[in-house]
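Presented below is the structure to which this report refers.
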Amino acid sequence: MTNLYDVAVIGAGAAGLSAARELSGAGRTVLILEARDRIGGRIHTLHPPGLPLPIELGAEFVHGNVASTFSIVDAAALLACRLPDDHSWLQEGRIEPLGDFWARIDSVRAKIGARKKDLSFSQFVRSLPNLDSRTRELACSFVEGYHAAHADRISTLALGSADEEQDPENIAQFRLPAGYDAVIAWLRAGLHLERADLRLSTAVTSARWSDGKVTLATDRGENFRARAAIVTIPVGVWKLGTIAFDPPLKTKEAALAKLEAGHVVKITFRFRERWWDDFNFLHTNDRFIPTWWTTAPFRTPLLTAWAGGHAADALLVEGAEAIQERALASMARAFDKPRRHLDRLLAGSWTYDWQADPFSRGAYSYAAVGGANAHAELGRPLRKTLFFAGEATSGNQTGTVAGAIESGQRAAREVLR
C-alpha cells in the first residue's frame with residue numbers, strides 16, 4: 001500500500017467503515033486506523049453458545065425505519081424484527097399499560113414549539129403549568145433513558161428540533177436477530193481489497209495538518225501521511241484531548257464545549273427460566289434501574305436493565321462489583337419477587353463499562369443547554385482537509401447507528417467533492 005493515502009480515517013466504527021467503503025469504492029486509497037483490537041466501535045456484539053439471540057453490549061436497536069440502516073439490512077439479507085410498541089409502568093410487581101406513552105411524550109415535546117431561549121429539559125417541564133406528575137416523571141425518565149442524558153443538562157431546543165416522536169415510522173424500533181455486528185461485517189466486506197488498509201490496535205495520538213496534507217502519529221511510533229482525514233472519534237474521547245491537533249481545532253473545541261457524552265449502565269441477565277409475563281418496555285421510578293426490556297418479539301430467558309443519566313451515575317458511583325447487586329435488588333423490588341428466588345434462577349449476566357473504555361469515555365452524545373446547533377458545527381469540514389463523522393456530528397440522528405452510518409457517507413461525499 002502507498003506511503004501517501006488519499007484519505008486517512010480515524011476509527012473503524014459504523015461511521016468510519018461507512019466512509020471508507022464509499023471512498024475505496026470510488027477509487028480513493030484509504031487508511032483506517034482503529035485503536036481497539038476489533039472493529040465496530042460502540043457496536044459490541046457477543047454470541048455466547050447456547051443462546052438463541054446475541055448479547056449486545058452496546059447498540060441494540062434500529063431506531064426508526066431509516067434508509068441508511070435498512071439499505072444494509074436488505075443488501076446483507078439480514079432479518080429485522082419490529083418490536084411491539086408497548087410500554088408499561090411497573091411498581092411493586094403491578095404492571096400498568098401505558099397505551100398513551102408516546103402521546104404523553106409528544107404532548108410535552110409539542111410545548112417546546114418555537115421557543116427562543118434555551119434551558120434544560122428539567123427546567124422546561126417544571127415551567128409547564130397543569131402538567132400532571134406522572135407525565136412529568138415519564139418525560140424526564142424518557143429523556144434520560146433514550147438520550148442517555150441528564151435532564152438538568154440536555155438542551156430543550158435540541159430536543160425540539162429532533163424528529164423522533166412525530167412520525168410513527170420514526171418511533172418504530174427493530175431488532176437484528178443475527179446481531180448488530182452483522183451490519184459492521186457487511187461494511188467491512190465492502191472495503192476495496194487493494195485500496196483500503198485497515199489497521200487495528202493502532203491509536204492516533206497526534207494530527208499535524210495543513211491544506212491538503214495530514215500526518216498522523218500513532219502510539220506504535222508510526223507516522224502516516226494522507227491528503228485528507230476523516231475524524232470519527234466519540235465526544236468523550238474528543239473532550240479528553242486524546243489526539244493533539246496541530247494547529248488546534250478551535251471551532252471544534254467550541255462545539256465540543258456544548259456537547260456531552262451520555263452515561264449508561266446496561267446489564268443483560270440470563271435466567272434458567274422465563275419467570276415474567278409478556279412485555280416489551282417497562283418503566284419504573286427506581287433510583288437505579290428506571291427501564292427494563294425483554295427480547296420481544298422473541299421469547300427468551302433474557303432480561304435487560306437500563307439506566308441513563310442520573311440513574312447511571314448513581315450506579316457507577318457504587319463501583320463495578322456493586323452494580324449487578326444494585327440491579328438485582330431493583331429487579332426484586334420492581335417485580336415484587338423474593339431476591340433469593342431471582343438468585344436461584346440467575347444463570348449469567350453481561351455488562352460493559354463504556355465510561356471507562358479509553359476509546360469511548362461514555363455512551364452516545366447529547367447537546368447541552370446552548371448547544372442546539374453544536375452537532376452540526378462539529379460535523380463541518382475544515383479547509384477541504386479535515387472531515388468529521390460519527391453520531392455526534394449528526395443533526396437529526398444523534399446517538400444512533402443510523403446517524404453514524406449517514407455521517408460517514410456524508411463525509412465521504414464531502415471528500416469526493
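From a predicted model like this one, the values you see are computed outputs, not experimental measurements. Any value given below was found using the heavy atoms of this structure, including those in side chains, with hydrogens, waters and symmetry copies removed.
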Which donor-acceptor pairs under 3.5 Å do the side chains of residues 250-260 make with protein atoms, sequence neighbours left out?
| unit_1 | atom_1 | unit_2 | atom_2 | d |
| --- | --- | --- | --- | --- |
| Lys252 | NZ | Glu377 | O | 2.8 |
| Lys252 | NZ | Leu378 | O | 3.2 |
| Lys252 | NZ | Arg380 | O | 2.5 |

Begin from the C-alpha positions of Thr268 and Thr304 and carry the test side chain to side chain donor-acceptor pair (under 3.5 Å) through to its verdict.
CA-CA 4 Å; Thr268 299; Thr304 296; 3.1 Å; yes
Check against salt bridge (Lys or Arg N to Asp or Glu O under 4.0 Å), Asp343 and Arg339
CA-CA 6 Å; Asp343 290 341; Arg339 175 59 192 277; 2.8 Å; yes
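Ring geometry for Phe61 versus His63: interplanar angle over 60°, hence perpendicular rather than tilted (30 to 60°). Below 30°, between 30° and 60°, or above 60°: for Phe269 and Trp292 the angle between ring planes is between 30° and 60°, a tilted geometry. Note: His150 and Tyr366 have tilted aromatic rings, judged against thresholds of 30 and 60 degrees for the angle between ring planes. In this pair, Tyr146 and Phe142 present their aromatic rings parallel. The plane angle is below 30°, not in the 30 to 60° band.
Inspection of the Gln324 and Ser349 side chains reveals an N or O donor paired with an N or O acceptor under 3.5 Å.
Remark: Leu316 CG to His263 NE2 distance equals 7.5 Å, nearest 0.5 Å. Atom OG1 in Thr291 sits 9.5 Å away from atom NE2 in His87 (nearest 0.5 Å).
Under the rule for a salt bridge (charged side-chain N to carboxylate O under 4.0 Å, His left out), Arg417 has no partner lying at least two apart in sequence or in another chain. For the salt bridge (charged side-chain N to carboxylate O under 4.0 Å, His left out) test, no residue two or more places apart in sequence or in another chain qualifies with Arg153.
When the options Leu78, Val401, Thr400, Leu176 are evaluated for a side chain to side chain contact (heavy atoms under 4.5 Å, CB included) with Val62, the one that passes is Leu176.
Salt-bridge formation is not detected for the pair Asp211/Lys213: no Lys NZ or Arg NE/NH1/NH2 atom is positioned less than 4.0 Å from an Asp or Glu carboxylate oxygen. Ionic pairing of Arg36 and Asp357 is present here: one or more N-O contacts between side-chain nitrogen and carboxylate oxygen are shorter than 4.0 angstrom. Ionic pairing of Glu406 and Arg410 is not present here: no N-O contact between side-chain nitrogen and carboxylate oxygen is shorter than 4.0 angstrom. Between Arg104 and Asp132 there is a salt bridge, since a side-chain N of the basic residue sits under 4.0 Å from a carboxylate O of the acidic one. Classification of Asp336 and Arg94 as a salt-bridged pair fails, no side-chain N sitting under 4.0 Å from a carboxylate O.
Seen from the ring of Trp354, Arg42 does not count as a face-on cation partner, given the 6.0 Å and 45° thresholds. Judged by the 6.0 Å distance and 45° axis criteria, Arg270 is not positioned over the aromatic ring of Trp350.
Among all heavy-atom pairs drawn from Ser360 and Pro234, the shortest one is O-CB, 3.8 Å.
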